[in-house]
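Throughout, a chain's letter reflects where its sequence line sits, starting with A, and its residues are numbered from 1.
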Amino acid sequence: QQQVKQSPQSLIVQKGGISIINCAYENTAFDYFPWYQQFPGKGPALLIAIRPDVSEKKEGRFTISFNKSAKQFSLHIMDSQPGDSATYFCAATSAGGTSYGKLTFGQGTILTVHP
Amino acid sequence: DSGVTQTPKHLITATGQRVTLRCSPRSGDLSVYWYQQSLDQGLQFLIQYYNGEERAKGNILERFSAQQFPDLHSELNLSSLELGDSALYFCASSVRTGDGYTFGSGTRLTVV
């Protein structure tokens, strides 16, 4: 019940295209859903996050769509650029209970944006 | 620079040895988290400390231990190292539990 399933494992997009990465969770206690971007040799960096009281959040070219009933959320990268080529991780956590903010990560998506 | 400092960046050691990884959280952050990243297991939560106290444990082996000191820096101790312990070890910090947190650049541990 603690899993977060992420797809696809890898994604190739042309410059200017839309990149879409999907995640599904099982634990209904999760109440915070961040996305992280990781470049080779670096730590994951927080990109954008959403809480379940909204269905969509947009920051620049990055948008999270959240479907609470389906227990799914997705990251959309509009106008994808070669500099967006990185590994993207979805994650989930709950502030309460015994998880104490432990993030459960998806397996990651390697995004390649071709010029 | 994320503000979370991890040392050393790289560590090569032999099986059976013991190593200590160090993490300094961002200024003002009270929570410190340790994660292990490997190709086959992804990012796995190891342990969390909040203001010096252990708060949560994940898939941390008994050979591994951690602590958070009064100045809030944290150390992860790995002993009786095995080849399978080779991985990236990340520290992250946050102001409070339940929000997204900031990761350091990691320590790459290679056990030979």
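By the rule that hydrophobic residues join a cluster once side-chain heavy atoms approach within less than 4.5 Å of another member, A:Ile64 and A:Leu11 end up as members of one cluster. Hydrophobic clustering (side-chain heavy atoms under 4.5 Å, transitive across Ile, Leu, Val, Met, Phe, Trp, Tyr) groups B:Tyr49 together with B:Leu78. Grouping the Ile, Leu, Val, Met, Phe, Trp and Tyr side chains by contacts below 4.5 angstrom, directly or via other members, places A:Ile110 apart from A:Val13. No path of Ile, Leu, Val, Met, Phe, Trp and Tyr side chains, each step under 4.5 Å between heavy atoms, connects B:Leu46 with B:Val4, placing them in separate hydrophobic clusters. In the hydrophobic clustering of ILVMFWY residues, with side-chain heavy atoms under 4.5 Å counting as a link, A:Phe66 and A:Val54 come out together.
Within a 6.0 Å sphere centred on CD of A:Glu59, heavy atoms belonging to other residues, nucleotides or ligands number more than 12. Remark: B:Leu61 CG is packed, more than 12 non-hydrogen atoms of other residues, nucleotides or ligands lying under 6.0 Å away.
Atoms CD and NZ, from B:Gln44 and A:Lys102 in turn, are 8.5 Å apart once rounded to the nearest 0.5 Å. Note that OH of B:Tyr101 and OG1 of A:Thr93 are 6.0 Å apart. Values are rounded to the nearest 0.5 Å.
The shortest side-chain heavy-atom distance between A:Leu103 and B:Tyr35 falls under the 4.5 Å cut-off.
Here ring-ring contact (aromatic ring centres under 6.0 Å, His included) pairs that include residues 3-22 of chain A, with residues two or more places apart or in two chains, number zero.
The minimum heavy-atom distance between B:Gln37 and A:Phe89, with the atom names listed, is NE2-CZ, 3.4 Å. Annotation for A:Gly43 and B:Phe90: closest pair CA-CE2, 3.3 Å, computed over non-hydrogen atoms.
Scanning residues 103-112 of chain B against chain A with a 4.5 Å non-hydrogen threshold yields B:Phe103, B:Gly104, B:Ser105, sorted by number.
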